[in-house]
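The structure appears right after this line, and notes come after that.
Keep in mind that this is a model prediction, so the values were computed, not measured.
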Amino acid sequence: MAGPLITAPADRRDIGSPDGAFYRVRRDGYEICFVPAAGVALDEIDDVDMWVIFDSGERWSGTIYTLGNVRRTMDGWRQTGECLGGRYFFVREGLIVRGRGIPGMVDVVDDLVRSGDYRSVFHAVGPEDTVG
């Protein structure tokens with residue numbers, strides 16, 4: 001099965017690289033691994049699962065949402081009755097950002113890593129299992 005079509009943002013083609021279903025952004029000492037929706041341009045992503053993987057093997061996972069995505073979700077819940085008819089939104093290991101797109105999300109994750117706040121936002125998942 002082929003991976004998703006990944007379209008790099010026009011203004012930041014050097015930010016990362018596709019790797020099957022993943023989009024990886026290499027940084028000094030760590031990598032950010034996104035799982036973008038198939039067929040959605042990277043600068044249009046508004047909801048994405050991701051990991052921060054440090055060179056030490058330490059891994060942290062989370063999901064990034066935009067304000068617009070959260071608003072649409074809560075508006076939809078008005079109709080379905082979920083979460084008291086859309087009166088609240090919660091998600092474990094979730095991060096809400098103002099704008100959509102992988103480039104801006106990378107900037108936010110970089111800031112969280114720099115400040116150490118990623119430990120409060122994301123979930124530690126331990127080192128990657130190795131076979132052999």
Side-chain angles (χ1 to χ4, degrees):
M1 175 184 234
L5 170 66
I6 297 177
T7 307
D11 62 338
R12 305 264 309 256
R13 292 197 182 276
D14 64 337
I15 192 170
S17 60
D19 178 13
F22 304 103
Y23 187 77
R24 298 178 183 274
V25 179
R26 183 73 197 144
R27 297 311 213 207
D28 187 25
Y30 63 98
E31 176 180 66
I32 308 167
C33 180
F34 295 96
V35 187
V40 179
L42 294 176
D43 54 357
E44 295 295 320
I45 298 289
D46 68 354
D47 173 1
V48 66
D49 292 328
M50 49 75 60
W51 292 269
V52 178
I53 305 167
F54 290 91
D55 291 351
S56 66
E58 182 182 11
R59 294 183 311 151
W60 295 78
S61 70
T63 301
I64 302 176
Y65 304 91
T66 63
L67 283 170
N69 179 284
V70 171
R71 180 177 290 113
R72 284 190 308 277
T73 300
M74 293 177 77
D75 287 349
W77 289 343
R78 285 181 180 161
Q79 304 302 313
T80 67
E82 293 173 78
C83 296
L84 287 177
R87 290 172 43 195
Y88 66 92
F89 179 93
F90 74 94
V91 61
R92 188 167 186 229
E93 299 135 22
L95 172 65
I96 299 172
V97 298
R98 187 169 302 279
R100 63 185 177 200
I102 296 293
M105 293 175 182
V106 167
D107 292 342
V108 170
V109 173
D110 285 344
D111 186 66
L112 292 170
V113 169
R114 243 186 324 275
S115 69
D117 288 339
Y118 70 92
R119 292 180 187 98
S120 298
V121 175
F122 302 132
H123 174 74
V125 293
E128 188 171 7
D129 293 333
T130 57
V131 177

*To the nearest 0.5 Å, how far apart are CG in L95 and OG in S120?*
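Those atoms lie 12.0 Å apart.
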
*salt bridge (Lys or Arg N to Asp or Glu O under 4.0 Å) with R72: which residues, sequence neighbours excluded?*
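For R72 the salt bridge (Lys or Arg N to Asp or Glu O under 4.0 Å) partners, ignoring immediate neighbours, are D46.
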
*For D49, salt bridge (Lys or Arg N to Asp or Glu O under 4.0 Å) partners two or more places apart*: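 Partners of D49 by the salt bridge (Lys or Arg N to Asp or Glu O under 4.0 Å) criterion come out as none, since no residue qualifies.
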
*Mark yes when over 12 heavy atoms from residues, nucleotides or ligands other than R71 sit less than 6.0 Å from its CZ; otherwise mark no.*
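For R71, atom CZ is not crowded (no more than 12 foreign heavy atoms under 6.0 Å).
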
Which residues satisfy the side chain to side chain donor-acceptor pair (under 3.5 Å) test with [X], sequence neighbours excluded?
X: R24; result: D19, E31
X: D28; result: none
X: Y30; result: D110

*asked:* Under the side-chain contact (heavy atoms from CB on, under 4.5 Å) test against I64, which residue among N69, I102, V48 passes?
replied: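 That would be V48.
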
_Members besides F90 in its Ile/Leu/Val/Met/Phe/Trp/Tyr cluster (side-chain heavy atoms under 4.5 Å)_ =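 Its cluster partners, ordered by chain and number, are L84, Y88.
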
*L67: which other cluster members, linking ILVMFWY side chains closer than 4.5 Å, directly or transitively?*
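Direct or chained contacts put L67 with Y65, V70, M74, W77, F89, V91, I96.
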
*Sequence neighbours excluded, which residues qualify as side-chain contact (heavy atoms from CB on, under 4.5 Å) partners of R119?*
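Listed in chain order: W60.
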
*Pairing residues for S115 by the side-chain contact (heavy atoms from CB on, under 4.5 Å) criterion, not counting sequence neighbours*: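 side-chain contact (heavy atoms from CB on, under 4.5 Å) list for S115, sorted by chain: D117.
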
*Can you check whether E93 reaches V121 side chain to side chain, under 4.5 Å on heavy atoms?*
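No; the side chains remain at least 4.5 Å from each other.
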
_With salt bridge (Lys or Arg N to Asp or Glu O under 4.0 Å) as the rule and sequence neighbours excluded, what pairs involving residues 77-87 come up?_
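Checked against salt bridge (Lys or Arg N to Asp or Glu O under 4.0 Å) - neighbours excluded - the pairs reaching residues 77-87 are D75-R78.
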
*Does any pair with a residue in residues 94-103 pass salt bridge (Lys or Arg N to Asp or Glu O under 4.0 Å), and if so which ones, sequence neighbours excluded?*
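Those involving residues 94-103 are E44-R100.
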
*asked:* Run V35 and M50 through side-chain contact (heavy atoms from CB on, under 4.5 Å) and show every step you take.
replied: CA-CA 6 Å; V35 187; M50 49 75 60; over 6 Å; no

